[in-house]
Amino acid sequence: MKKPIIFLLFFGIILNVYSVTRLDNLKLELISATGLKRVLILDELQRSYWKIYPQASLEFGIKALRTSTEINNTIQQAQQLQNIAESYRYLDNYNKAIEYMIMSLTKAKKIDNTNLQIAAFYYLATYNNYIGKNVVAFEYAVQALDFYKKHKNHPGLAKCHFIIAEIYYALGDLEGAYQNFELSLVQHEEFSNKSSFALTNEKLGEIDLFNKNFQIAEQHYKTAAENYIAIDNLESLVRTYEALGNIYKETGEKEKAYVYIQKFADTNEKLNQEINNNRLLFNYEYYNIIGNEDKALDYFKLYTEHQDSLKLVITQEHVETIISDIETQHKMEKAETTKEIDKITKKAVEQIEEKEKAIVQLKEESDDKQRIAKLENENKRGQIENLQKQREDVEKQIAAQKEQKKVYILLIIIVAIVAILLLVLTIVFISKFRMKQKHAIELEKIAKTDPLTQLPNRRAVLDNIDYEIARFRRSAESFTLVISDIDDFKQVNDTHGHDAGDKVLVALSKLMTKTIRKQDICARWGGEEFLFLLPGTDCEGGKVISEKIREKIENQVIKYKGFSVSITMTFGLCTFTNDLTIDECITRADKALYEGKRVGKNRIVQFRNLKKSRSSKI
């Protein structure tokens, strides 16, 4: 029975030694390596040191970046910038991590490397979310999501929906968080990753538990537990068992609650043993790597002692043999300096002996002086003792007063600290609340604004139309909808390119926004179509405003790369009435627009005039 245990222990030790030996071998290869081979060795060293010694990892990353620059390998430059960013993340310097990841993204865009761009977007979303820059994180996450959708990368889509859910969660939007966690879960149907699948289920269970949806929360947590068991993730399993215990306590199922509380306690104990064991082994490897053999030896002794207490090591005789070999080797390495140490020690001893002789001589002189003083003052001893007693009494009184004063001061300090802490907590709470409100408003603005023209989008203008309908129901004040379309816009794109088309859209948007009234809304309805909402305006008033816009556009000349582009637009109008739904009103305005296109463009057509075939052309 002992032989298999002995074999397993030695096999484990050999694996640990191999890890260190592998790094030493890489360092030896690095001495003579050049070009791309040197970059790849530095890359492997950097990744190996991320968790063990992040500062060393950063140094290897900088060397790899320098070498890839010397050989003019742009792909490796972008990759090493990402690796350096990760090293800064392990050092908890997220600002530096973001700086280097942005540099990597710039390089990746320059060489049009999709994989590096996607990775950079995802990392930037993760970094910014960690330091509380939720809006910035959201923008990067959405860009990564677009790339993953384009390439149908299901693991990437799962990751992106997960980080977007985390952003919503941080902003207090549990509904948005839940939807994105579910979207992440859907993507897991296309690939297998038990770790992320379990974590996503755990997050959904956490929100369900908060909302007191105990049955659904139970299902999510049990699914998470099954997968954590499969991958032996004790830390996450502890959280899951604790949550299941709380669910059964809330639902009054005491027996089930007891079972999961016991599982939580047993797993937590096992986790603590594993953490302690890994900590000792990590310290042994760390000090061995940096060359501190004394510390490495100390932690190796503690590691073997801990293994023995868990009955996972061989007999004490084998452990002592291993430790003895290490100590012998350590002593042999220090043997060369023994003579020098002896000389220093001998010299130090001589100096100490000389100082001791001088102290003895001074002491003898002091004793003589004390005897003389004693004889001279023997008659006054009684008086001195009385004075000393009085002095002691006074000192006790002063000491008591000082202690009392200290207590009063301490109480005042405690009250002041508590007051300051309460004030600081209040300020922090208010600040975080305002920040979350601000982020929510910014996200809402992003969702309702067209990114090219900065005009309200379809969703935003429909919200405003709903408000006008409610106002119409209260006050019977009508409003008019105008749908306009750029004439022959395809010809602009075909002749001058899509960049010219974008410039035309932006220029027209600015012109129309300046021309309309303050209460009017101009929105991008789709493509080259725009929708105007004119509150408190009948059909004739809508025609006047539309004509004003049409004339300004007709007289506007847009410059692009030395070319002059002239644009006209056609407008269709319909006024909302009691017998219409909003969809019918929009459809009528759209029909009026297409009638204007049919009969010659650059004109304004009112829906009520369609049957009489009248139109206005300037």
Side-chain angles (χ1 to χ4, degrees), residues 109 139 142-143 146 150 445-465 480-534 537 542-574 586-587 589-606 615-618:
K109 286 181 176 178
E139 291 173 353
V142 169
Q143 291 182 75
D146 290 341
K150 184 178 179 181
K445 184 179 178 182
I446 290 170
K448 291 188 175 183
T449 304
D450 177 61
L452 176 64
T453 63
Q454 296 302 304
L455 292 176
N457 60 16
R458 182 184 288 249
R459 176 184 171 189
V461 75
L462 286 174
D463 287 346
N464 282 281
I465 289 172
T480 296
L481 296 181
V482 181
I483 297 180
S484 65
D485 185 85
I486 302 173
D487 298 330
D488 302 319
F489 186 69
K490 185 177 182 300
Q491 186 177 350
V492 175
N493 282 332
D494 293 344
T495 305
H496 303 290
H498 287 283
D499 287 344
D502 287 348
K503 184 167 183 181
V504 167
L505 288 171
V506 173
L508 288 180
S509 299
K510 291 178 179 177
L511 177 63
M512 290 186 292
T513 303
K514 290 179 181 178
T515 306
I516 61 177
R517 302 169 301 179
K518 287 184 179 180
Q519 67 267 34
D520 299 336
I521 294 173
C522 173
R524 189 177 181 187
W525 191 242
E528 63 268 25
E529 282 190 340
F530 298 86
L531 186 143
F532 296 88
L533 171 61
L534 309 177
T537 306
K543 179 182 176 183
V544 172
I545 295 170
S546 300
E547 178 61 26
K548 185 179 179 182
I549 298 168
R550 190 200 66 75
E551 284 182 355
K552 288 210 171 187
I553 292 170
E554 185 179 35
N555 296 326
Q556 176 79 7
V557 176
I558 300 169
K559 300 289 185 180
Y560 178 76
K561 291 186 178 179
F563 294 98
S564 296
V565 181
S566 295
I567 297 296
T568 60
M569 290 185 75
T570 302
F571 299 78
L573 285 78
C574 182
I586 292 171
T587 301
D590 205 41
K591 286 181 179 179
L593 167 67
Y594 280 97
E595 176 63 17
K597 290 279 189 180
R598 189 184 69 80
V599 299
K601 304 176 184 178
N602 190 23
R603 63 191 61 230
I604 299 161
V605 177
Q606 298 171 322
S615 62
S616 301
K617 180 179 178 183
I618 307 300

For [X] versus [Y], what's the shortest heavy-atom pair and its separation?
{"X": "Leu511", "Y": "Gln556", "result": "CD2-CB, 4.1 Å"}
{"X": "Gly572", "Y": "Ala592", "result": "CA-CB, 3.7 Å"}
{"X": "Val461", "Y": "Trp525", "result": "CG1-CZ3, 3.7 Å"}
{"X": "Pro456", "Y": "Cys522", "result": "CD-O, 3.3 Å"}
{"X": "Ile553", "Y": "Met569", "result": "CD1-SD, 3.2 Å"}

- Query: Between Asp485 and Thr570, is any side-chain donor less than 3.5 angstrom from a side-chain acceptor?
  - Reply: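 The criterion, which ignores hydrogens and geometry beyond distance, is not satisfied for Thr570 and Asp485.
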Nearest 0.5 Å please: distance from the [atom1] atom of [X] over to the [atom2] atom of [Y].
{"X": "Ile521", "Y": "Asn464", "atom1": "CD1", "atom2": "CG", "answer": "3.5 Å"}
{"X": "Leu531", "Y": "Ile483", "atom1": "CG", "atom2": "CD1", "answer": "5.0 Å"}
{"X": "Ile558", "Y": "Ile567", "atom1": "CD1", "atom2": "CD1", "answer": "5.5 Å"}
{"X": "Ile604", "Y": "Ser484", "atom1": "CD1", "atom2": "OG", "answer": "10.5 Å"}
{"X": "Thr515", "Y": "Arg550", "atom1": "OG1", "atom2": "CZ", "answer": "13.0 Å"}
{"X": "Asp488", "Y": "Thr568", "atom1": "CG", "atom2": "OG1", "answer": "6.5 Å"}

Taking the side chain as C-beta and beyond, is there a heavy-atom pair between [X] and [Y] under 4.5 Å?
{"X": "Glu551", "Y": "Glu547", "value": "yes"}
{"X": "Phe530", "Y": "Ile486", "value": "yes"}
{"X": "Ser546", "Y": "Phe532", "value": "no"}
{"X": "Leu481", "Y": "Ile465", "value": "yes"}

- Dump the intermediate steps for side chain to side chain contact (heavy atoms under 4.5 Å, CB included) on Asp487 and Lys597, then the final yes or no. CA-CA 8 Å; Asp487 298 330; Lys597 290 279 189 180; 2.7 Å; yes
- Query: With a cut-off of 6.0 Å (strictly less than), are more than 12 heavy atoms of other residues, nucleotides or ligands near NZ of Lys448?
  - Reply: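 Atom NZ in Lys448 is crowded, with more than 12 foreign heavy atoms closer than 6.0 Å.
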- Message: Using only atom types and a distance under 3.5 Å, with no angle test, would you say the side chain of Arg598 pairs donor to acceptor with the backbone of Gly596?
- Response: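 Not a single qualifying donor-acceptor pair exists.
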- Query: Considering the options Arg517, Gln519, Lys543, which one meets the side chain to side chain donor-acceptor pair (under 3.5 Å) requirement together with Thr537?
  - Reply: Arg517
- Please collect all side-chain hydrogen bond (donor to acceptor under 3.5 Å, both in side chains) contacts where either partner lies in residues 451-461, sequence neighbours excluded, each pair once.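 Listed by first then second residue: Asp450-Thr453.
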Listed pairs under 3.5 Å, donor-acceptor, residues 494-509 side chains, sequence neighbours left out:
| unit_1 | atom_1 | unit_2 | atom_2 | d |
| --- | --- | --- | --- | --- |
| Asp494 | OD2 | Lys490 | NZ | 2.8 |
| Thr495 | OG1 | Gln491 | O | 2.7 |
| Lys503 | NZ | Lys559 | O | 2.9 |
| Ser509 | OG | Leu505 | O | 2.7 |

